[in-house]
A.B. asks: 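Before we start, here is the structure in question, set down as structure tokens.
Order of the sequence lines fixes the chain letters, A, B, ..., with proteins taken first and strands second; residue numbering starts at 1 for each chain.
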Amino acid sequence: MSQTQSPAAGDDVLLSVRNLSKHFPTANGVVKAVEDVSFDVRRGHIVGIVGESGSGKTTAGRCILRLVEPSEGEAIFDGVDLFKLSQKALRAYRRRMQIIFQDPYSSLNPRMRVGDIIGEAIDTHRLAKGAARQARIAELLTRVGLSPEHARRYPHEFSGGQRQRIGIARALAVEPELIVADEPVSALDVSVQAQVLNLVQELQKELGLTMLFISHDLTVVEYLCDDIVVLYLGRVMEQGPAREVYANPRHPYTRALLSTAPIPDPTVRRERVILQGDIPSPLDPPSGCVFRTRCPFAIDACATTVPPRETVSPGHTVACIRQAELASLDIRKVSA
Amino acid sequence: MAAVLSAPSPSPLAETLPEDVVLRADDLHTHFIVGERAAKSVDGVTLTVRRGQTLAVVGESGSGKSVTSLSIMRLLAYPGRIVSGRILYRLRDGTVVDLASLPEKRMRAIRGKEIAMIFQEPMTSLNPLFTVGDQIMEMIRLHEPVSRQEARQRARRMLELVEIPAAEKRLDQYPHEMSGGMRQRVMIALALSCNPALLIADEPTTALDVTIQAQILDLMRRLQRDIGMSILFITHNLGVVAEIAHEVAVMYAGRVVEQAPVGALFARPRHPYTKGLLACIPNPERDRTADGKRLMLKPIPGNVPSVLALPPGCTYAPRCPLAEPRCEREAPGLVPAGPGHLSRCFRHELL
Amino acid sequence: QERGGIINVAMIGELNSLDPTVATGDLLGTVTQHFFETLFTFDKDWNVTPLLAEKLPEVSADGRVYTITLRKGVKFHDGSEMTAKDVVASLHRWFELASRGKLVQPNLAGLEAVDDYTVRLSLKEPFAPLTALLAFNNSAAVIMPAGKMDNPLKEYIGTGPYMLKERKADQYIQLVRFDGYKPREGEPNGFGGARKQYLDEIRFVPVPDANTRVEGAIAGQYDYADLLPVEAYDRLNGQEKTEPILLKSFGWPMFIMNNKQGLMTKLEMRKAVQAALNAEDMLAAAFGKPEFYTVDGALYPQGYPWRTDAGTEAYNQGNPEKAKELAKAAGYDGKQPIRILTSRQYEFHYKMAQVAAEYLKAAGLAVELQVVDWATLVQRRADPALWDIFITHSPFLPDPALIAPLPSTYPGWWDNPQKEKLLVALNAELDQKKREALFADLQKLLYEQAPLYKVGDFSALSAKSPKLKGYDASPWPYFWNAYLEK
Amino acid sequence: MTRYILQRLLGMLAVMFTVVTIVFIIVRIAPGDPAAVMLGPDATPADIAALRARLGLDRPLAVQYLFFLGQLARGDLGQSIFLDMPVTQALAERAEPTFFLTLFSILIASAIALPVGILSAYKRGTLFDQAVTTFAMFAASIPSFWLGLVLIQVFAVRLGWFPVAGYGGPDAPFLTRLSHLVLPAVALGIVSSALITRFTRASMLDVLNDDYVRTARSKGMGEFRVVMKHAFKNALIPVLTVIGLTAALLVSGAVVTETVFSLPGIGNLVVSAVLRRDYPVIQGALLVIAAIYVLINFGIDMLYILIDPRVRY
Amino acid sequence: MAAVSITPAPRITTLILQRKTLAIGLAVILAIALLALFAPLIAPYAPNKLSIVNRLKPPSATWLFGTDEFGRDIFSRTIYAGRLSLTVGAAATALAGVIGITLGIVAGFFRRADTVIARIVDAMMAFPDILLAIALVAALGPSLATVIVALGIVYAPRLARIVRASTLVIRELPYVEAARALGVPTWRIMTRHVLRNLVSPILVQATFIFAYAMLAEASLSFLGVGVSPEIPTWGTMIAAGRQYVGQADWMTIFPGVAIILSVLSLQLVGDGLRDLLDPRLRKDL
Ligand SMILES: Nc1ncnc2c1ncn2[C@@H]1O[C@H](COP(=O)(O)OP(=O)(O)OP(=O)(O)O)[C@@H](O)[C@H]1O
Ligand SMILES: Nc1ncnc2c1ncn2[C@@H]1O[C@H](COP(=O)(O)OP(=O)(O)OP(=O)(O)O)[C@@H](O)[C@H]1O
Ligand SMILES: [Mg+2]
Ligand SMILES: [Mg+2]
Ligand code: NI
């Protein structure tokens with residue numbers, strides 16, 4: 001497994017999302033939750049998706065797993081377009097992709113024993129029976145830091161962090177290649193969050209997992225992810241190798257995000273880009289560049305053209321028509 | 001009501017509170033008692049808020065931050081009761097009262113006027129059936145004998161103060177017509193409308209997005225500078241603490257385990273829990289090697305104890321790397337551990 | 001006028017029609033007799049007496065031609081005068097539409113107005129009960145203006161002492177005094193004689209629930225409450241606002257057997273039922289105390305000229321052993337249930353049914369009670385496939401020819417040549433003594449054939465306000481002559 | 001707002017349409033030939049056939065259904081078999097007692113339920129609260145006819161304070177007529193207060209825990225004002241729905257009560273129509289009562305516009 | 001968050017006994033059910049045994065609750081009537097359950113079916129329960145079976161509505177999504193994940209429907225449009241006793257008390273269950 005930051009062409013791409021769009025028709029109009037999103041996930045890497053609430057992170061993740069039907073685009077998983085599969089054909093692929101959720105409370109069926117929750121995954125894909133099944137459950141529980149006896153308990157007997165481990169064990173039960181983790185640590189306290197982050201890393205390393213890690217916590221993403229995709233109002237603002245993007249953010253939105261994320265160090269004083277106003281409604285997104293209404297650098301042209309993706313360095317693309325002009329303006333840590 | 005406040009009160013408490021201290025909770029115990037069981041949500045909180053300063057209270061979920069603030073406001077929900085301890089508060093006229101034992105009627109005059117509060121959930125903290133103007137005006141007219149007209153003027157000025165554009169128009173809007181950030185601004189305007197001396201903010205930005213959080217934090221900092229009130233700021237985000245606090249109190253399992261000026265706390269935490277917390281937070285510079293390899297985080301082992309069954313002795317002992325047998329028997333007191341630095345640890349010198 | 005007032009009369013239910021010619025029913029007769037009148041009526045001894053007619057008809061010696069003289073100056077509620085033209089038209093209508101009229105129609109030879117005040121009616125064969133039929137108050141030969149006889153009736157214009165003012169279904173029927181009424185000379189005598197108009201208004205209020213009628217009477221809400229459960233007698237006694245009226249020998253309940261289809265077509269089965277039943281227990285269960293009923297098998301009680309004991313030894317046997325044998329003789333299998341159709345509109349029917357069921361069971365007969373509402377019962381009894389026994393009751397009628405279940409057309413369909421002969425003779429015979437003898441034979445035959453079972457005589461309980469004076473108890477209560485004491 | 005109104009209106013029409021269809025089906029599943037039932041046992045087959053033709057019963061079910069819809073569209077509910085009048089007229093004649101009975105019952109029920117419910121929510125867990133909860137459950141357990149019988153015995157027969165039954169005579173003044181409604185309204189009011197009390201309590205409990213109530217308290221507001229102005233107004237929204245539902249249901253609680261008290265109302269009409277096999281009346285009454293229910297619900301939806309600004313746009 | 005509370009759940013009996021009202025309700029309704037079940041053993045007389053000489057006897061040692069107009073023992077009849085009332089209530093509830101749960105789940109899962117089912121449910125709810133029951137009984141012809149069917153139909157929409165609403169909520173929960181992500185087939189999701197989590201609200205609602213069905217049955221019988229009046233049910237008994245109010249009050253009082261007791265205890269049970277199983281459900285009522 002490579003930790004190189006440049007997406008060398010030879011790198012093995014497990015999942016390639018192309019022009020994904022998801023529109024929800026609602027009583028008040030069409031919500032364009034995800035619009036023309038493309039990115040690649042290389043085998044064994046962790047791709048972080050960040051963005052504010054409502055930016056379409058969850059929707060994008062659910063579309064990829066076909067938990068909601070995408071409106072447009074394709075998702076090539078190991079050479080096959082998932083979006084074109086029939087429900088039946090999809091069943092086989094369900095084994096290869098799993099999801100972990102944010103809320104450790106509602107993601108486990110309160111009326112099922114922990115063993116059954118994990119067992120259901122095994123049963124559905126007929127992976128093991130009888131004693132082998134029990135053994136597998138015990139193994140999985142141990143794997144996520146619980147003990148085999150816990151199989152007989154109900155979810156409410158566990159703490160949030162422990163439940164999150166159960167959710168992970170369930171996902172691991174089918175030995176997936178790709179895991180979509182939808183804010184798996186956001187609901188946890190910092191001390192527990194660190195435990196779970198460590199677990200995720202271990203698993204990723206030991207099992208060679210590929211992950212799509214959804215989060216709004218920029219520090220966590222910076223720490224954990226190899227690549228990063230920044231979403232705003234359903235659109236990709238900037239994407240690229242995490243180190244590169246953090247070190248050298250090119251989109252005004254990414255810059256604002258990075259500059260406003262609180263850092264637990266009172267000695268750091270930063271020049272902050274404080275965005276004005278609120279996120280526009282996804283029912284009625286601004287024309288042109290969706291970020292222009294809050295962008296301190298917006299010009300008239302931003303209202304008319306949807307900015308194209310521009311590659312600024314290998315694998316690092318930005319959707320901003322002024323990215324070149326703004327490149328020289330370093331607005332991250334002014335004083336350290 | 002003003003009469004109640006200005007009544008010359010015999011003030012044997014006055015001396016107990018240094019001039020520059022607005023509020024001091026003294027070994028406060030607030031329990032939720034249901035039948036035989038008592039949830040000791042706040043079990044010996046001692047903290048001090050200085051005039052014109054921001055005291056940030058941090059702690060993980062369930063550590064008793066909200067219960068502490070509600071105890072100060074005396075807004076505890078039904079089975080909750082202040083079991084013991086004092087909450088000394090210096091009124092604007094200089095008299096010191098013990099909020100823990102003040103008659104309800106006097107307490108009412110203090111709420112909103114002397115101490116105001118904003119809450120975590122901007123979406124639900126405003127009454128959906130009244131316009132924001134009405135809700136602010138209600139507050140003003142509750143404490144001051146002004147006409148509707150005047151109250152409306154004041155309400156408008158308050159909205160302007162919190163940087164809400166088109167304030168006049170906003171007065172007649174309902175909460176549901178506003179975004180979360182906007183509503184939190186309204187909450188702040190509401191809380192500040194009677195010029196309180198102390199503002200208690202219970203996780204005011206937790207529910208907000210980072211970009212909006214930045215706006216609100218910015219606003220609160222500016223308001224404090226301009227108006228000069230004291231703030232008790234509750235949060236679980238150490239990053240936010242670093243940005244806004246003058247002083248920090250760290251809570252764990254119903255107790256304040258450390259209180260110190262913000263710089264001192266981050267630079268040299270004097271309690272193993274605080275140290276553990278800081279180590280938990282991913283820090284790319286610290287946790288990645290130069291070639292980009294990730295290092296493992298150093299989480300605090302175990303879980304927060306249940307408030308229904310707190311361990312005897314130091315509540316942190318079961319998770320503490322420094323714990324010695326004594327820690328499991330004896331509860332340490334909050335002792336000085338440096339200039340203006342208090343720590344509830346027998347072994348703080350080791351840190 | 002110092003005798004007046006407005007009274008509320010609680011009736012047992014609502015009427016679906018106010019046309020007494022077309023429909024039958026005691027309730028209908030009770031209400032409509034206040035505004036529709038017949039040529040003849042009954043006096044207090046149940047003799048036919050003239051009402052709109054001047055006097056009883058002159059009957060030709062061969063009993064075929066009736067000459068009826070009308071009273072002069074009788075006014076309809078619309079102000080017009082009643083003449084022979086109206087009478088002829090009304091009688092034609094009766095012959096065509098009324099079930100009782102239809103009985104006579106085949107026998108009708110002619111009907112014409114002789115002059116303005118005389119009507120002549122001729123028959124093919126003599127028919128003794130004719131005047132009694134003409135005197136009856138439901139399925140009644142009431143006289144209406146010739147021009148106002150639509151079917152169904154649009155206006156209710158009669159000659160009675162009261163006229164219909166307003167009707168609100170399920171609420172009330174409001175009658176007010178008819179000022180143009182001309183009573184007969186003399187004193188009141190039963191339904192006959194002078195009819196005095198003391199009351200200003202009579203309101204018939206439908207109160208289907210018997211208990212509510214009792215409570216309403218006790219609370220003083222009703223000045224008269226009709227047909228109360230006799231059980232309420234003790235409660236009504238000694239009340240301040242109401243008092244009980246007991247009408248002795250009001251009528252007789254009967255079990256009609258299905259002579260046309262099913263189990264009961266076998267004589268032995270009918271006799272088995274007859275043997276099994278214990279009339280006394282049924283009466284006791286239905287009417288409580290002995291003062292409210294008489295254990296009597298005769299079709300007419302004491303005091304009627306038709307009274308006879310012929311055949312009554314078969315009554316009230318309560319003999320399960322005998323019944324068992326008879327059933328066996330009939331080839332009864334012990335399984336097929338006897339379907340008893342009854343309703344709760346009249347509580348006592350239902351109670352008797354329950355007692356009867358127990359006795360029949362004791363005799364080894366299977367029983368199935370079908371308790372339905374009265375409307376359904378009337379509907380179902382018309383279909384011989386649906387039942388074996390149904391329960392009904394009748395008042396004691398002035399002429400045996402009026403007894404409903406005797407004609408073979410009545411549900412039950414008692415079709416017996418001997419009976420037909422007796423019935424024809426009874427109708428044709430004009431001599432009272434001979435008619436009585438014929439009727440005795442008929443009663444005997446009835447017990448032999450057991451086409452129906454008479455349970456006994458029962459008294460009716462009603463209640464009236466102590467302030468209501470001048471009221472004479474009657475099976476069809478009438479309120480002319482009555483008044484409220486001021 | 002217009003959009004909200006339009007939505008509700010459409011919803012109402014859709015429900016109404018389904019109601020009509022259900023009524024059509026119910027009446028059609030009745031065994032036997034309606035024409036034969038209408039004409040009674042004496043009718044000749046020819047008469048029956050003629051009536052069947054006139055009522056359209058000889059046509060296919062779908063055609064009958066359209067015919068039925070057409071009739072309804074003209075406001076024609078058919079002709080009562082027993083009462084010899086159009087069903088609309090029969091219903092109109094009974095509307096008054098039912099209307100006032102429902103109105104008074106709901107007033108009585110609300111007058112009991114609202115204060116009691118609010119107070120018991122406010123004092124939750126206390127003896128008072130337990131007493132209220134128990135009482136409410138008890139009241140909901142009493143059959144209304146039984147309560148009616150008891151009330152008649154005590155207040156009409158023994159004490160003579162109110163009339164036993166009926167709705168007054170032809171010229172009874174309005175007040176006299178209303179006096180006939182006191183006991184039935186009390187009977188219904190008590191029984192239905194149970195549901196409203198419990199609902200008010202539950203709804204208040206919910207609301208009292210809401211954040212904005214805490215906000216109101218943090219302003220230094222007195223408890224009474226907090227409860228009545230901030231909490232109750234919010235709790236009122238679900239409570240109103242229940243009051244509306246109860247009002248609509250009372251039209252039928254009236255079925256039993258009107259029978260016990262011999263009130264000539266719509267409920268009474270239905271029972272007698274069932275006993276008389278008067279299908280057109282049953283059908284008409286069902287339709288009208290369901291329509292009232294739907295209308296009341298619609299009315300409440302409209303009331304929300306006044307109370308709740310969230311539905312206003 | 002109650003942290004590491006890895007304590008075994010308390011036993012269900014302890015939980016029940018902790019709730020006084022639930023325990024009382026359960027005890028009373030069980031007592032009534034047992035009386036009804038063993039009626040032939042307990043009742044001192046046959047319920048339909050006439051004894052004309054003993055008409056309308058007041059309660060005494062011989063006739064605990066007195067006798068009726070046929071001299072039948074009211075106590076025995078009340079017990080036997082309980083059999084019937086409970087049977088009607090239980091059968092109607094079961095029927096309503098089968099119809100309501102099926103409709104509710106299907107509506108919750110299939111959008112297309114939902115538009116139809118929701119419409120029908122709304123329309124059915126527009127008819128007040130007694131009225132709809134009366135109409136259905138009138139249409140189907142009065143008998144015990146039709147009363148059960150009618151009440152089952154009347155109460156089915158109530159359950160359907162609750163089941164549908166809960167299904168709509170549950171099907172969006174992450175654990176259902178997790179099951180879908182695993183490829184668990186829809187019917188398995190319906191039963192295993194949705195239905196199992198609906199057990200408490202359904203149980204609670206069923207208890208109330210049981211109670212209301214018993215009340216409705218009594219009303220129908222009282223009005224004379226329900227079961228045949230010679231079958232002793234509490235409703236028919238009160239209807240029969242109505243004539244004797246003021247004279248033989250025991251004829252109405254005892255069956256009346258029987259109804260109140262059973263309906264009350266069922267409601268106590270329902271309320272207690274709601275508390276026990278899911279405090280959040282309190283909102284519903
Ligand atoms: N089922 C749905 N129907 C209609 N709109 C939806 C639906 N699901 C999501 N949306 C809308 O799509 C947009 C994107 O939602 P999504 O949940 O993907 O955001 P997110 O980035 O995951 O936000 P968060 O950080 O709050 O989880 C939002 O505006 C949301 O309201
Ligand atoms: N009404 C109540 N009844 C019983 N226990 C309560 C109640 N309110 C709070 N508690 C308990 O008191 C403890 C402290 O709660 P509190 O809300 O103060 O925590 P917090 O520090 O504010 O947490 P968070 O960060 O989640 O807001 C918790 O364990 C909680 O379960
Ligand atoms: Mg999300
Ligand atoms: Mg909190
Ligand atoms: Ni003041």
A.B. asks: Chain A: which of B/L297, B/L278, B/V241 shares the most heavy-atom pairs with it under 4.5 Å?
C.D. replies: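 Most heavy-atom pairs under 4.5 Å with chain A: B/L297.
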A.B. asks: Hey, does the side chain of B/Q215 reach the backbone of A/I274 with a donor-acceptor pair shorter than 3.5 angstrom?
C.D. replies: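 No, B/Q215 side chain to A/I274 backbone: no donor-acceptor pair under 3.5 Å.
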A.B. asks: Please classify the contact of B/P301 with chain A as side chain, backbone, both or neither, using a heavy-atom distance under 4.5 Å.
C.D. replies: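 When you check distances to chain A, only backbone atoms of B/P301 fall under 4.5 Å.
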A.B. asks: Side chain from CB out, backbone as N, CA, C, O: work out which of these in A/L199 comes under 4.5 Å of a heavy atom of chain B, or both, or neither.
C.D. replies: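 The answer is neither part of A/L199.
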A.B. asks: Of the backbone (N, CA, C, O) and the side chain (C-beta and beyond), which part of B/I300 lies under 4.5 Å from a heavy atom of chain A, both, or neither?
C.D. replies: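 Both backbone and side chain.
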A.B. asks: Heavy-atom cut-off 4.5 Å, strictly under: side chain, backbone, both or neither for B/L295 against chain A?
C.D. replies: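 Interface part for B/L295: backbone (N, CA, C, O).
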A.B. asks: Is A/N198 close to chain B through its backbone or its side chain, or both, or neither, when contacts mean heavy atoms under 4.5 Å?
C.D. replies: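 Both the backbone and the side chain of A/N198 come within 4.5 Å of chain B.
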A.B. asks: Ignoring hydrogens, what is the shortest heavy-atom contact between A/T260 and B/E243? Give both atom names and the distance.
C.D. replies: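 Between these two residues, the closest heavy atoms are O-OE2, 4.4 Å.
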A.B. asks: Name the member of A/A261, A/A194, A/G54, A/S281 that forms the most heavy-atom pairs with chain B at distances under 4.5 Å.
C.D. replies: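 The residue among A/A261, A/A194, A/G54, A/S281 with the greatest pair count is A/A194.
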A.B. asks: Using every non-hydrogen atom in the two residues, find where B/A242 and A/I263 come nearest and quote the distance to one decimal.
C.D. replies: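 That would be CB-O, 3.4 Å.
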A.B. asks: Looking at B/G302, is its backbone amide N or carbonyl O close enough to the side chain of A/Q195 to form a donor-acceptor pair, meaning the two atoms are under 3.5 Å apart?
C.D. replies: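 It does hold such a pair.
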A.B. asks: Provide the closest heavy-atom pair for B/R319 versus A/S191 in the form atom of the first, atom of the second, distance.
C.D. replies: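 Scanning both residues, the minimum pair turns out to be NH2-OG, 3.3 Å.
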A.B. asks: If every non-hydrogen atom of A/V190 is compared with every non-hydrogen atom of B/C280, which pair is closest and at what distance?
C.D. replies: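 Closest pair (atom of A/V190, atom of B/C280, distance): O-CB, 3.8 Å.
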A.B. asks: Indicate the atoms forming the closest heavy-atom contact of A/D189 with B/S61, along with that distance.
C.D. replies: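 Shortest heavy-atom contact: OD1-N, 3.0 Å.
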A.B. asks: How long is the straight-line distance from OG1 of B/T211 back to CZ of A/R294, given to the nearest 0.5 Å?
C.D. replies: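 Here the interatomic distance stands at 4.0 Å.
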A.B. asks: Would you call A/D226 and B/R294 a side-chain contact if the rule is heavy atoms closer than 4.5 Å?
C.D. replies: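 Yes - at least one pair of side-chain heavy atoms lies under 4.5 Å apart.
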A.B. asks: Once you round to the nearest 0.5 Å, how far does CD1 of A/I279 lie from CD1 of B/I212?
C.D. replies: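 Between atom CD1 of A/I279 and atom CD1 of B/I212 there are 6.0 Å.
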A.B. asks: Run A/D278 and B/M182 through side chain to side chain contact (heavy atoms under 4.5 Å, CB included) and show every step you take.
C.D. replies: CA-CA 8 Å; A/D278 295 314; B/M182 222 34 125; 4.2 Å; yes
A.B. asks: Tell me, side chain or backbone of B/E163 under 4.5 Å from chain A's heavy atoms, or both, or neither?
C.D. replies: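 Neither the backbone nor the side chain of B/E163 comes within 4.5 Å of chain A.
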A.B. asks: What part of A/Q193 is in contact with chain B, defined as an atom under 4.5 angstrom from a non-hydrogen atom: side chain, backbone, both or neither?
C.D. replies: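 Side chain of A/Q193 only, per the 4.5 Å heavy-atom cut-off to chain B.
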A.B. asks: If you count the non-hydrogen atoms of other residues, nucleotides and ligands that lie under 6.0 Å from NZ in A/K57, is the total more than 12?
C.D. replies: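 Yes - once you tally the heavy atoms of other residues, nucleotides and ligands closer than 6.0 Å, there are more than 12.
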A.B. asks: May I ask you to test the A/T219-B/N283 pair for a side-chain heavy-atom distance under 4.5 Å?
C.D. replies: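 Counting from C-beta outward, A/T219 and B/N283 never come under 4.5 Å.
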A.B. asks: With respect to chain A, which residue among B/G263, B/G181, B/P282, B/A245 yields the maximal number of heavy-atom pairs within a distance under 4.5 Å?
C.D. replies: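 When all of B/G263, B/G181, B/P282, B/A245 are compared, B/P282 has the most.
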